[in-house]
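Structure first, then comments.
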Amino acid sequence: MPRSQSLIASIDPAKISKHFDAADVETRLDTRWQNEGVYHYDPTRPRGETFVVDTPPPTASGSLHVGHVFSYTQADVVVRYKRMTGMNIFYPLGWDDNGLPTERRVQNYFHVRCDPNTPYEEGLVLEAASAKVRKKPARMVSRPNFIEACFGLIEEDEAAFSELWHRVGLSVDWRQEYQTIDEHCRRTAQHSFLDLHAKQLVYTSDAPTMWDVDFQCAVAQAEVEDRNQPGAYHKIEFAVEGAEEGGASSFVIATTRPELLPACVGVTAHPDDERYKPFFGKRAITPLFHAPVPIFSSEMADPEKGTGVLMVCTFGDQTDVQWWREEGLALRQVVGPNGRLCSIDFGEAPYESLEVDKANAAYSELAGKPIKRAQTDIVAMLRDPDASATGNGAPLQGEPEPIEHPVKFFEKGDRPLEFLPTRQWFCRLLDRKADLLAKGAEVSWHPEYMEARFRDWTENLSLDWCLSRQRYFGVPIPVWYPLDREGQPDYDAAIVAEPEAIPVDPTTDVPKGFDESQRNQPGGFTPDPDIFDTWFTSSLTPQISSHWVDDPDRHARLFPADIRPQGHDIIRTWAFYTIAKAMLHEDVVPWHHTLISGWILDPDRKKMSKSKGNVMTPLPLIEKYSADAARYWAASARLGADTAIDENVWKVGKRLVTKLFNAAKFVLSQTGEVAPISQELDRAFVRKLQALAADSTRNFDEFRYANALAETETFFWTNFTDTYLELAKVRARAYADGADAANAISEADVLASGSAVATLRLGLSVLIRLFAPVLPYITEEVWSWSFAGENQGSNGAGAASPSIHRAAWPSESDFSGIEAPEHAGSFDVAVSALAAINKAKADAEMSMGRGVSLLRLAASASTIDVLEGVCADIMSAARVEDHAFDVDPELGDGLCAVRQIEFKDREERGTESSR
RNA sequence: AGGCACGUAGCUCAGGGGUUUAGAGCACCGCCUUGACAUGGCGGGGGUCGGCGGUUCAAUUCCGCCCGUGCCUACCA
């Protein structure tokens with residue numbers, strides 16, 4: 001037997017562990033990838049070869065849950081695919097530590113509160129609060145001490161998250177890591193403000209703003225959510241001034257907020273409402289406080305609602321704000337920033353009253369009380385006939401009528417929002433709606449229908465973006481105000497930081513042209529004490545990563561980004577603000593595609609939330625099923641679809657990993673002489689493999705990774721391990737068996753054996769590369785056994801790559817030079833024949849390994865024609881010694897039926913390898 | 001109240017530019033200790049594709065209406 005050819009590099013299966021140890025491989029490979037810089041961005045390559053990812057910076061102080069793994073993995077799968085197609089990947093990750101969640105965590109963890117008036121304590125070390133400490137009032141700490149505590153805690157939280165991302169195998173370039181609170185981000189955010197200020201796109205105003213009374217902080221429209229709350233219509237009688245001349249002298253309003261009666265500044269009804277027409281232009285008198293207020297008509301009043309006439313207060317809701325503005329009504333602010341009623345004096349403008357003593361006596365019962373308590377008390381007072389403005393008896397008409405109605409809450413808040421006039425910075429957006437919509441349309445949304453959420457939100461935007469927050473741990477607003485001779489700030493003459501000075505903290509830094517001694521002195525300056533809305537900074541993630549401020553050249557190469565993955569819950573915030581910023585700064589879209597991932601729901605399809613206690617943490621699941629299984633689960637869900645967590649899917653993922661491990665061990669341990677892929681079955685299999693690779697590429701290009709995975713998985717089981725591998729096994733092993741002189745094989749059989757081994761290896765190589773974006777660990781492990789040192793692609797087109805994650809994505813070059821099969825259907829016919837024989841064995845309750853001494857197989861004439869070409873493989877796989885074909889024109893093409901089967905005795909099995 | 005998505009086997013989900021018996025996995029039943037793998041293999045049962053109408057030779061797939069679920073936006077006296 002000539003042995004002129006070189007041997008196929010094979011592995012010794014005995015040297016590979018019996019089972020796949022996922023945890024061990026995960027830590028080993030992640031370390032290796034980091035050390036080898038597999039995920040590093042190469043700044044020297046051109047933009048056209050670069051794929052830029054804008055990632056969501058997680059809030060590390062939040063709880064870790066499986067939803068994080070879900071959405072971040074979906075993005076990583078896409079990125080890994082792009083990397084294998086040869087793209088230079090820019091894939092940064094940061095932490096959104098700036099903001100309220102961190103403050104809340106610090107408050108709870110140490111049981112402290114920030115008090116800007118408390119002096120700084122040098123070297124203060126806080127300790128986690130014990131249960132005992134928590135019972136006492138929270139400790140007050142200075143603003144700098146509080147911020148130090150925040151920095152301390154985020155370090156821990158981010159380390160925990162980082163560990164998870166490494167474990168899950170996110171292929172992030174960790175050299176690009178940032179924190180939204182770090183100096184670079186503060187500088188970027190303040191630069192953004194400077195630019196918007198220069199463009200006159202930001203302004204201050206002390207307009208009524210939505211205010212959370214617990215956080216004592218302004219809130220933007222995007223952070224507001226409606227919650228259905230029980231409430232009640234309270235019907236309250238008002239008097240009409242000058243009604244003596246005849247006609248009705250009173251009317252009854254309906255309100256859900258009787259406690260705002262002292263803040264009543266007007267009364268309105270629809271202009272066509274006959275009931276109230278006579279009153280327009282007159283003044284109404286409120287009960288209890290006897291305040292005269294104008295009665296005016298308004299199209300916005302709904303005659304069907306309540307009693308059709310309502311009191312306008314400062315401020316019950318946004319419509320009140322509108323009426324207040326349009327009608328030039330008085331401002332009677334009774335709700336204070338802390339959610340309690342303020343002290344006011346009736347008789348002094350703007351608190352008019354016709355009966356000052358009565359009004360003050362009544363109000364003194366309410367001042368200082370929380371809103372809810374004030375409501376109860378005022379309702380009681382309205383039951384007193386003495387409170388009446390008309391003399392008709394108790395102003396409260398009947399019992400309050402319970403209703404359920406939507407009430408605005410801060411999404412993180414516990415009490416309804418109030419509208420309070422406070423000085424805030426705003427960014428102009430309302431006059432740019434059309435442009436925003438146009439930019440949204442320029443982005444490709446995946447899935448497409450998610451753009452509707454952006455559109456709905458943008459079209460319904462009713463307020464400019466409120467930027468200031470009365471908080472501490474965030475990016476300071478880089479602004480001071482000059483103080484006049486009386487020490488009063490001139491808010492219209494804001495002093496904005498110099499571009500070279502940023503980032504600044506106005507509470508410690510001094511504006512240009514002043515010195516520290518002038519801080520808070522008449523004729524000096526005072527800092528803006530506020531920080532920016534967190535979204536003000538996180539809406540700049542593409543510019544943060546591109547180094548917009550410091551490196552215009554890098555910025556030009558990394559901005560706009562290619563993809564933005566994110567959840568659909570933050571379309572109105574993160575996506576919206578990012579689009580807005582990119583538009584306002586540079587009139588571009590921030591990214592070309594956005595991939596919207598769905599939510600993870602609990603097994604009962606309920607949203608996971610801490611309060612429901614149904615949150616699942618990912619690490620125990622990863623330990624149980626492996627990181628690859630976690631990724632398999634995440635990648636099985638299509639974009640945008642909310643998915644109930646199903647542990648079963650993790651189980652299936654784990655099974656796939658095991659199967660890959662075993663199949664790879666078998667394939668790579670086959671030996672033989674290097675030979676071209678020449679046999680009919682092999683060529684037919686390769687054709688199917690080639691179609692799979694093309695399909696997978698198309699799916700990935702359209703971000704349909706779940707379809708790609710499903711197809712590859714199905715192919716792997718049904719066309720590779722269950723069938724091709726079984727059909728080609730005996731032929732592949734023939735060479736090794738032939739090493740034994742007694743079984744010496746012919747030259748033709750050497751070639752046939754080499755063809756089988758080459759096909760098995762090509763199949764494995766292509767399949768693990770198709771799986772690599774989803775299953776980075778098992779595929780890298782298998783790759784390392786042999787392929788890492790070889791050129792891939794039948795013509796050697798794909799250069800050797802030590803990591804599968806930088807190996808070439810399967811393409812035509814992997815299949816070039818392999819002849820097409822004689823019959824396109826050869827493979828399917830072989831599978832069908834084998835299945836028919838297997839079924840016959842199963843029906844006879846025989847093991848699949850049972851030898852067959854005689855087989856008569858029926859098929860159509862054309863199918864038999866095809867069968868002849870792959871007959872040897874079928875018969876050896878089924879261990880058939882003698883066979884005959886019967887022509888049966890009744891059978892459809894490709895179908896086979898067993899007409900006769902005779903089994904060998906059990907001990908006789910196992911002689912089939914002598915073919 | 002408008003909009004979007006979804007409703008396919010017991011469960012989780014594919015699919016569908018109309019065409020023979022509608023798919024997978026899990027679960028279930030039967031069989032097989034076969035030589036990569038019992039963390040396996042082979043075989044099997046199970047669905048009038050939410051309902052009603054329409055277009056069509058033909059619809060689960062296209063259209064309309066309805067029902068259910070989820071979400072988005074609005075409503076907030």
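So you know, we letter chains A, B, ... as the sequences are listed, proteins then strands, and number each from 1.
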Practice task
Using heavy atoms to find the nearest nucleotide of RNA chain B for A:A710 and A:A844 separately, return the residue whose nucleotide is more 5′.
Solution key: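 With A:A710 and A:A844 compared, the 5'-side residue is A:A710.
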Exercise for the section: Return the 5'-most residue of the pair A:F20, A:A836 with respect to RNA chain B, ranking by each residue's nearest nucleotide. Expected result: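 Per heavy-atom nearest nucleotide, the more 5' residue is A:F20.
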Is the distance from OP1 or OP2 of [N] to the nearest side-chain N or O of [X] less than 4.0 Å?
X: A:N460; N: B:G2; value: no
X: A:Q221; N: B:A74; value: yes
X: A:R655; N: B:C26; value: yes
X: A:R733; N: B:A36; value: yes
X: A:R572; N: B:U73; value: yes
X: A:K841; N: B:G43; value: no

Of the nucleotides [options], which one has an atom closest to the side chain of [X]?
X: A:M848; options: B:C42, B:A38, B:A74; answer: B:C42
X: A:V652; options: B:U34, B:C26, B:C42; answer: B:C26
X: A:N662; options: B:A5, B:A36, B:G41; answer: B:A36
X: A:A644; options: B:C26, B:C42, B:U12; answer: B:U12
X: A:D843; options: B:C32, B:A5, B:G43; answer: B:G43
X: A:K839; options: B:C42, B:G43, B:G15; answer: B:G43
X: A:K305; options: B:C75, B:U34, B:A38; answer: B:C75
X: A:W457; options: B:A36, B:C37, B:A74; answer: B:A74
X: A:N838; options: B:U12, B:U34, B:G43; answer: B:G43
X: A:T658; options: B:G43, B:A74, B:U39; answer: B:U39

Whole-Å distance separating the [atom1] atom of [X] from the [atom2] atom of [N]:
X: A:K729; N: B:G41; atom1: NZ; atom2: P; answer: 11 Å
X: A:Y449; N: B:G70; atom1: OH; atom2: P; answer: 16 Å
X: A:K607; N: B:C72; atom1: NZ; atom2: P; answer: 7 Å
X: A:N648; N: B:A24; atom1: CG; atom2: P; answer: 16 Å
X: A:I645; N: B:C13; atom1: CD1; atom2: P; answer: 11 Å
X: A:L891; N: B:U21; atom1: CG; atom2: P; answer: 18 Å
X: A:D642; N: B:G7; atom1: CG; atom2: P; answer: 13 Å
X: A:N228; N: B:A1; atom1: CG; atom2: P; answer: 13 Å

Exercise for the section: Would you state whether a donor and an acceptor, one from the side chain of A:K659 and one from the base of B:C37, lie under 3.5 Å apart? Expected result: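 By the distance-only test, yes, there is a pair.
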Problem - Base of B:C4 paired with side chain of A:D456 (donor-acceptor, under 3.5 Å) - result: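 For A:D456, whose side chain was compared with the base of B:C4, there is no donor-acceptor pair (under 3.5 Å).
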Can you check the distance between [N] and [M], where both ends of the measurement are the [atom1] atom (answer in whole Å)?
N: B:A9; M: B:G70; atom1: C1'; result: 23 Å
N: B:U21; M: B:G46; atom1: C1'; result: 15 Å
N: B:U8; M: B:C13; atom1: P; result: 10 Å
N: B:G41; M: B:G7; atom1: C1'; result: 36 Å
N: B:C49; M: B:G44; atom1: C1'; result: 22 Å
N: B:C62; M: B:U19; atom1: P; result: 11 Å
N: B:C32; M: B:G51; atom1: C1'; result: 46 Å
N: B:A38; M: B:U33; atom1: C1'; result: 8 Å

Checking all strands, does [X] fall into the base, sugar-phosphate, or nothing category for heavy-atom contacts under 4.0 angstrom?
X: A:W717; answer: sugar-phosphate
X: A:V407; answer: base
X: A:A663; answer: base
X: A:D320; answer: nothing
X: A:T256; answer: sugar-phosphate
X: A:D646; answer: sugar-phosphate
X: A:K408; answer: base
X: A:H19; answer: base
X: A:E726; answer: base
X: A:S636; answer: nothing
X: A:I253; answer: nothing
X: A:N707; answer: sugar-phosphate

Exercise for the section: Could you check whether A:H405 and the base of B:C75 form a stacked pair, meaning centres closer than 5.5 Å and planes differing by less than 30°? Expected result: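 It does not: the two rings, one from A:H405 and one from B:C75, miss the stacking criterion.
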Handout entry: A:F661: which of A:F771, A:F666, A:F20 passes ring pair (Phe, Tyr, Trp, His ring centres under 6.0 Å)
Key =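 Result: among A:F771, A:F666, A:F20, A:F20 is the only option passing the ring pair (Phe, Tyr, Trp, His ring centres under 6.0 Å) with A:F661.
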Handout entry: Check: A:D843 main-chain N/O paired with A:E845 side-chain donor or acceptor under 3.5 Å
Key =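 No; judged by distance alone, with no hydrogens or angles, the pair does not exist.
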Problem - Aromatic ring pairing A:Y276/A:F279, orientation class (parallel under 30°, perpendicular over 60°, tilted between) - result: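 It falls in the tilted class, 30° to 60°.
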Exercise for the section: Describe, in one word, how the ring planes of A:F576 and A:W457 are oriented to each other, choosing from parallel (under 30°), tilted (30 to 60°) and perpendicular (over 60°). Expected result: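 Rings of A:F576 and A:W457: perpendicular, as their planes differ by over 60°.
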Watson-Crick or G-U wobble mate for [N], both contacts under 3.5 Å:
N: B:G18; answer: none
N: B:C52; answer: B:G64
N: B:G40; answer: B:C32
N: B:U69; answer: B:A5

Could [X] and [Y] be called an ion pair, given the rule that one side-chain N must be under 4.0 Å from one carboxylate O?
X: A:E225; Y: A:K408; value: no
X: A:E881; Y: A:K904; value: yes
X: A:R415; Y: A:D212; value: no

Problem - Cation-aromatic face contact A:K624/A:W650, 6.0 Å, 45 degrees - result: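 Because its charged atom misses either the 6.0 Å distance or the 45° angle limit, A:K624 does not stack over A:W650.
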Exercise for the section: Would you verify whether the NZ or CZ of A:R453 falls within 45 degrees of the ring axis of A:W445 while also being under 6.0 Å from that six-membered ring's centre? Expected result: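 Here A:R453 fails the 6.0 Å and 45° test against A:W445.
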Handout entry: Any side-chain donor near an acceptor of the partner, A:S626 and A:D628, under 3.5 Å
Key =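 Their side chains do not contain a donor-acceptor pair, so the 3.5 Å distance test is not met.
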